[in-house]
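The structure under discussion appears below in the form of structure tokens.
Numbering of ligands and ligand atoms starts at 1, following listing order. Keep in mind it's a predicted model, so treat the numbers as computed, not measured.
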Amino acid sequence: MELSRLLRPVRTMMIAVFAAGFLASAFTLMAPIAVTALASRALDATLDAPTAWLCLAAIAVGFAASHLIVLAATGRAHIVESAFRHDLRSRIAHHLARLPLGWHTAESSGRVRTIVSEDVTKIHTIIAHSGTDLGHALGTLLLGSAYLFSLSWQYALLLVGWLVACLLVFFLGMLATPSGSIEVFTEAEKDLTSSTIELADGIATVKAFGMSTSLFQRFSDALDRYTTASYEWMKGPGTPMAVTMALFSPAGLLIPILLGAWGLDRLGLIDPVLIVPFLLVGVTLPSGLSRVIPLAHLLAQGKDAAERISALLDEEPLAEPASPATIPDGAAADIVFDDVSFRYSDTAPDALHSISARFPADSVTAVVGPSGSGKSTLVTLIARFWDVSSGRILLAGTPITELASSDLLSRMAIVLQDGGLIADTVEENIRLGHPGASRAQVEEAARAARIHDRILELPDGYDSVVGSPGVHFSGGEAQRIALARAFIGDPDVLLLDEATAQADPHSERRIQEALGALARGRTTIVIAHRLSTIVDADQILVLDEGRLVESGTHRELVELGGTYAAMWEAQQ
Ligand code: ADP
């Protein structure tokens with residue numbers, strides 16, 4: 001199973017701390033043995049000073065040794081666990097870096113957050129605590145029982161019989177409750193966590209729509225389900241569990257210990273002094289069991305967490321060529337689609353059907369079509385957000401899958417509708433296009449993107465942090481910062497998703513100016529939503545339901561009188 005596969009590197013350590021926990025429980029027994037000796041000698045007046053000192057020393061040694069062993073084992077487990085957690089987190093981070101860009105959606109980022117923060121922590125409790133706890137629990141139960149049996153098998157049998165009867169009550173109670181309610185409870189708990197995260201992420205939308213959005217509905221449904229499941233759980237397995245815990249508590253155990261001592265003494269089967277070890281050891285016997293029950297819950301959660309972590313680590317990374325091809329310096333960065341088809345999953349329909357097209361270097365190609373026609377899919381395939389299902393995409397004559405993905409990405413700039421800004425300074429946001437660029441280069445790129453003056457108006461100019469108070473950009477401004485990022489990277493290929501929202505005419509004109517300057521000398525592919533911005537494009541490709549239905553210049557396509565002409569007509 002996934003959990004044991006994941007824990008393989010720490011298995012030896014876990015076995016060692018389990019053994020240490022077991023050993024510590026043996027030392028714990030020294031104190032009751034010594035106290036019993038003291039008590040029986042005191043009762044028959046044979047206690048002398050050396051014996052008393054010996055007993056006291058045994059108590060001290062047992063106490064110190066058991067605590068030191070547990071401390072050392074727990075400490076060791078924590079050290080190993082923190083190294084394991086560090087390795088696991090960096091394995092996850094490396095793996096995430098190798099996954100296709102298209103994998104990193106909002107949904108997957110929520111999943112990654114749960115895995116890295118919550119799931120890895122659940123594994124912590126299992127590795128750092130369960131070995132010692134289990135060893136100690138089992139040792140207390142087995143060694144303690146063996147010790148009590150050695151004193152009086154009848155008395156011990158009575159006590160163990162009581163424990164077995166309690167367990168029977170517990171199992172019968174569990175059998176009588178509707179099965180699956182623990183699973184229902186765990187599911188409801190998970191559901192509540194994920195809908196709380198979704199709600200927190202989408203709180204602005206929720207507030208804007210007066211708590212009536214589906215996000216809020218989902219959260220409130222999840223809360224209801226959780227409350228019902230908790231109630232059902234308490235009504236069902238919760239009751240026998242609580243009764244068993246009460247019977248296993250020291251107060252509950254006084255019943256068989258006191259009644260047993262009274263009854264067996266009257267029958268003349270035991271020496272009454274035996275009540276001392278039975279009181280001291282007997283009440284601790286099930287303490288292990290009460291620790292094991294929460295541990296079982298923890299293991300169930302750990303199993304789930306391990307499955308999620310393994311599923312993430314099993315996600316197919318982007319295939320990297322063993323010996324990457326290189327594009328000769330100065331080669332024209334033409335992009336060619338050679339009979340490309342693509343579907344998002346094996347069961348999904350084709351998002352693109354047999355597309356063959358050429359995007360010549362030093363020219364602007366606009367991709368247009370109705371929503372859902374495959375424009376974004378086509379553009380993201382060029383940056384290997386996903387790999388094609390069939391066919392090939394070539395850059396400067398080389399299949400993109402034969403290039404190192406870092407090389408491929410360094411040759412392109414991708415400008416998304418919202419600019420794709422991160423919560424860092426404006427300067428760093430622009431520098432992302434060319435790490436190591438100087439401040440002067442950053443400013444030059446911002447001037448070329450017609451955003452320099454706007455940046456200087458910010459409270460800290462280029463050092464202002466995006467998203468901090470007073471540092472907010474309109475869609476058009478964010479896109480111009482992204483254009484500055486593209487300028488500084490000096491890419492061969494520019495992939496641009498034009499903003500759908502109508503920017504104000506001033507911003508619009510500035511974006512067009514910046515774009516005109518940026519596109520010069522590059523292979524530019526722009527997803528156009530407003531046809532008025534692309535009348536001068538060198539080539540327009542028209543997509544419909546994943547097929548390339550028309551291509552040509554604006555004039556040619558209008559004259560053709562087909563899909564494009566109808567779209568053009570509709571937008572006038
Ligand atoms: P456009 O950009 O023209 O609006 P898209 O390329 O976004 O179109 O979408 C083309 C088709 O692929 C649509 O049917 C869409 O539902 C589907 N699609 C887009 N992205 C994904 C995705 N990440 N997973 C599954 N299907 C997707």
Less than 4.0 Å from atom 18 (N) of ligand 1, is there any heavy atom belonging to the protein? yes

Going by a strict under-4.0 Å cutoff (protein heavy atoms only), does atom 15 (C) of ligand 1 have a neighbour on the protein? no

Taking NZ, NE, NH1 and NH2 as the nitrogens, is one of them in Arg431 or Glu428 under 4.0 Å from a carboxylate oxygen of the other? yes

Member of Lys375, His529, Gln479 meeting the side-chain hydrogen bond (donor to acceptor under 3.5 Å, both in side chains) criterion with Asp497: His529

Measure up the Tyr564 and Trp568 rings against each other and bin them: parallel (under 30°), tilted (30 to 60°), perpendicular (over 60°). parallel

Does a side chain donor of either Glu320 or Ser405 reach within less than 3.5 Å of an acceptor in the other side chain? yes

Quick check: does Gly374 get an N/O under 3.5 Å from an N/O on ligand 1? yes

Option nearest atom 21 (C) of ligand 1 (shortest heavy-atom distance, choices Trp386, Phe342, Tyr344): Tyr344

Atom 10 (C) of ligand 1 - nearest protein heavy atom and its distance: Gly372 O, 3.5 Å

In terms of residue, atom name and distance, what is the protein heavy atom nearest to atom 2 (O) of ligand 1? Ser376 OG, 2.6 Å

Looking at Arg485 and Asp424, is any side-chain nitrogen of the basic one under 4.0 Å from a carboxylate oxygen of the acidic one? no

Among all protein heavy atoms, pick the one closest to atom 5 (P) of ligand 1 and tell me residue, atom and distance. Thr377 OG1, 3.5 Å

Would you say Ser371 touches ligand 1, if touching means a heavy atom closer than 4.0 Å? yes

What are the atoms of ligand 1, with element, lying closer than 4.0 Å to any heavy atom of Lys375? 1 (P), 2 (O), 3 (O), 4 (O), 6 (O), 8 (O)

Per-atom filter on ligand 1: closer than 4.0 angstrom to a heavy atom of Ala351 are 12 (O)

Considering only heavy atoms, does Pro370 approach ligand 1 within less than 4.0 Å through its side chain, its backbone, both, or neither? backbone

So, Asp490 and Arg522, do they make that salt bridge, N to O below 4.0 Å? yes

Salt-bridge contact Asp304-Lys122 (side-chain N to carboxylate O under 4.0 Å): no

Ion pair present between Arg547 and Asp350, side-chain N to carboxylate O less than 4.0 angstrom? no

